[in-house]
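Single-structure report; data block below.
All values below come from the heavy atoms of this structure, side chains included, with hydrogens, waters and symmetry mates left out. The model shown is predicted, which means the values in this text are computed figures rather than measured ones.
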Amino acid sequence: MSILTTYFDTKHNTAPFSKIETADYKPSFEKAIEMARAEIDAITNNHDAPTFENTIEALEFSGETLDRISSIFFNLNSAETNDEIQKIAQEVSPLLSEFGNDITLNEKLFDRIKSVYENKSAFDLSDEQQMLLDKKYKSFTRNGALLAHEKKSRLREIDAELSKLKLTYGENVLAETNNYELVITNKNDLKGLPEDAIETAKILAESKGKQGWIFTLDYPSYIPFVTYAENRELRKELAIAAGKKAFQGNQYDNRENVKRIASLRHERANLLGYQTHSHFVLEERMAGNPEKVKSFLNDLLSKAKPAALREFSDLSAFAKELDNIDHLQKWDGGYYSEKLKQKLFNVDDEQLKPYFQLEKVLNGAYEVANKLFGLKFTEVFDIDKYHQEVRTFEVTDSNGDFIAVFYTDFFPRKGKRNGAWMTSYKSQYRKDGKNERPHVSIVCNFTKPTATKPSLLTFNEVTTLFHEFGHALHGMLADTTYPSLSGTSVYWDFVELPSQIMENWCYQPEALALFATHFQTGETIPQHYIDKIKESASFQEGIATMRQISFGLLDMAYHSNDPSGISDVKAFEKRAFEPTALYPDVEENCMSTSFSHIFQGGYSSGYYSYKWAEVLDADAFEYFKENGVFNAEIAAKFRKNILSQGGTKDPMTLYKEFRGQEPSPDALLRRAGLMTV
């Protein structure tokens, strides 16, 4: 029997990464599916009348081994993948999809669930049990339990194909990212670049046995180059390379995958009785329906667009004045924005970076969590990890009780996708009288330390770390009975509240004093830098808001309409972007082919949720600011009503229990400088 299908006899039951062979995964998946089927059979063959305990609760705790293997495997497929893992992912995804369908389309099982649902008043259920019952019932009806036999068969086919398509889409984006290099051999072409970016590029070239400097599409390499490199043609080359990922007519082209995924999602929604994929998805969101989302985005657009047009005009005039640039292009935006920011606020990322040493920022996040929630993070070295760069921490509360295992993984490498995310290797739940504590991880792509410098973060990377740490706190502080309602298992337009609110502390002098010290001198960040950070927080917020709205509108364009008429992905995207377009279109570029959030991840019909959650986080943080950013009473309310509750109640109910009222968008508009009163 594989180690993956047995209880992990490790500290805190953590994953024994070093003992797992890649070849173990597929047979372990097959064995775990077999074990889970037996558990389902035990429920359906139970001759006792259906009850909450013998049906709903039994179903909730079935498949634990399969869930655990899935979390380990698919997390590694994002953070430490290779050809073999990708091949296994393609093989097991249809098996998992088929098994999922076998459950949701199991008529005997659904009959038992339906019986409990229709007789729920007889069971004296708690609020959490009621929520679990509702979610289980809906998970069946929303996945075909009420369909006729031939429609159930078609649903299975769609789900199997979608599971493979989404994997292929992600693999193509990763391959295109890994396949590109900008090799520079002329030192003059490095003008304007920060020293650490040059040093990192040199180290990369040496590791590949090449002369000169290598820049890639990984964010820690890409962002400094397009922000600081004076050579406009090279900025253009790199920006176009980033924009045409999986849009090059080669084996990694994602255009057909985009159309197929959108079409299958639409067909699936229609099968289940919904007008579009968005109608299906948004039924289980705070927003409720696509009309509400579009109204929300367009209302924000009307408020942000005048500011964005002013900002873009100012930026264009500045570029003309500085370098006689007649028409600002996308590869100019980051460069001239940074120059203008330096001029207006006399501060830039390179001045700030020495104060944001990764190690200190991480410890600062821990300090903030300690002041707010009484948490303590202790690095430990007896928990297995999947890569040598990963660090492991034990999290305890103010009583010394164990709260969670926390993994951090901060540097880019081949086999790790771009971006930043939080994930879980084990959920929190209660079973057999024991509160099982979670194992949570955050994964980022920050600049690696060099021979002469530690990893130094841009301020944007500081907020990224705090953002993912906020998600992690949501997972760590979970305190529910059932795993499917635990931690971040909440509506997608609510899940960003804990992450986005944590970013606010990065702007507070009381928080910056905890971690923003110069890596060489130990000097605390000067107050005038803090003032400049706060002043510049809403710099070009109109442009940034328009950018987020554009992504949300593109998402809704694909998913709130019938996509069968889409013949040209690029033309379709261009039309969707028209209301928010500031820069001229780049013919060689297409965002849809690498928009992994909506075509590989879980954000289809949900990208708006970032702005939606900003309304929540701005309103919630105003509550803190009115009473002190480390106010113990408000922090306790936030922990109790938001972080610990998971998906046990309707999110608006949870928010009102914390805040005492519904959120107002005014706080966001004030913070963004889009409303002066």
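Not one N or O on the side chain of Arg265 forms a donor-acceptor pair closer than 3.5 Å with the backbone of His277. Under a 3.5 Å cut-off, the side chain of Asn370 and the backbone N or O of Leu375 do form a donor-acceptor pair. In this structure, Glu128 contributes its side chain and Tyr482 its backbone to a donor-acceptor pair below 3.5 Å. At least one donor-acceptor pair closer than 3.5 Å links the side chain of Ser550 to the backbone N or O of Arg547. With Asp299 contributing its side chain and Phe296 its backbone, the two residues share no donor-acceptor pair below 3.5 Å. Checking side-chain atoms of Asp555 against main-chain N and O of Gly606 turns up a donor-acceptor pair under 3.5 Å. Of the possible donor and acceptor atoms, one in the side chain of Arg68 sits under 3.5 Å from a partner among the backbone N and O of Tyr425.
For the pair Arg142 and Phe280, the cation sits on the ring face: its NZ or CZ lies under 6.0 Å from the ring centre, inside 45° of the axis.
Note: Tyr355 and His518 have perpendicular aromatic rings, judged against thresholds of 30 and 60 degrees for the angle between ring planes. Note: Tyr507 and Phe459 have perpendicular aromatic rings, judged against thresholds of 30 and 60 degrees for the angle between ring planes. Ring orientation note: the planes of Phe539 and Phe345 are nearly perpendicular, at an angle over 60° on the 30°/60° scale. Ring orientation note: the planes of Tyr583 and Phe312 are nearly perpendicular, at an angle over 60° on the 30°/60° scale.
Counting only N and O atoms by type, the side chains of Ser337 and Gln540 include a donor and acceptor under 3.5 Å apart. A side-chain donor-acceptor contact under 3.5 Å links Tyr386 and Asp409. Side-chain contact of Glu523 with Thr517: a donor-acceptor pair under 3.5 Å is absent, judged by distance alone. Judged purely by distance below 3.5 Å, without hydrogens or angles, the side chains of Ser605 and Ser278 pair a donor atom with an acceptor atom. If you check the side chains of Tyr655 and Asp619, you find a donor sitting under 3.5 Å from an acceptor. One side chain, Glu496 or Ser499, offers a donor N or O that lies under 3.5 Å from an acceptor on the other.
Leu465 CG to Glu503 CD: the interatomic distance, rounded to the nearest 0.5 Å, is 10.5 Å. With values rounded to the nearest 0.5 angstrom, Ser221 atom OG is found 8.0 Å from Leu217 atom CG. Rounded to the nearest 0.5 angstrom, Cys506 SG and His467 NE2 are separated by 11.5 Å. Residue Asn75 holds its CG atom at 9.0 Å from CH2 of Trp421, rounded to the nearest 0.5 Å. Interatomic distance, Lys343 NZ to Asn346 CG, rounded to the nearest 0.5 Å: 12.0 Å. Put simply, CD1 on Ile598 and NE2 on His559 are 5.5 Å apart, with the number rounded to the nearest 0.5 Å.
In summary, the aromatic rings of Phe466 and Phe515 are positioned with their centroids under 6.0 Å apart.
Leu477 pairs in a side chain to side chain contact (heavy atoms under 4.5 Å, CB included) with only one of the listed residues (Val440, Leu643, Ile642), which is Leu643. Just one residue in the list Tyr603, Tyr607, Phe577, Tyr169 forms a ring-ring contact (aromatic ring centres under 6.0 Å, His included) with Phe595, and that residue is Tyr607.
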Derivation of the ring-ring contact (aromatic ring centres under 6.0 Å, His included) call for Tyr623 and Phe638
CA-CA 11 Å; Tyr623 189 28; Phe638 192 76; 9.9 Å; no
Audit row: Phe494, Trp612, ring-ring contact (aromatic ring centres under 6.0 Å, His included) steps and yes/no
CA-CA 8 Å; Phe494 189 62; Trp612 184 278; over 10 Å; no
Could you go through the ring-ring contact (aromatic ring centres under 6.0 Å, His included) check for Tyr366 and Phe393 one step at a time?
CA-CA 11 Å; Tyr366 293 164; Phe393 299 83; 5.3 Å; yes
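Remark: Phe446 engages Phe410 in a ring pair (Phe, Tyr, Trp, His ring centres under 6.0 Å) (not counting sequence neighbours). Not counting sequence neighbours, Lys625 has no partner by the side-chain hydrogen bond (donor to acceptor under 3.5 Å, both in side chains) test.
Screening residues 391-406 for side-chain hydrogen bond (donor to acceptor under 3.5 Å, both in side chains), with sequence neighbours left out, gives Lys11-Glu394, His12-Glu394, Glu359-Arg391, Glu379-Arg391.
Residue Lys637 places its NZ atom among more than 12 non-hydrogen atoms of other residues, nucleotides or ligands, all under 6.0 Å distant.
Here Glu510 does not pair with Lys371 in a salt bridge; the nearest charged N to carboxylate O distance is not below 4.0 Å.
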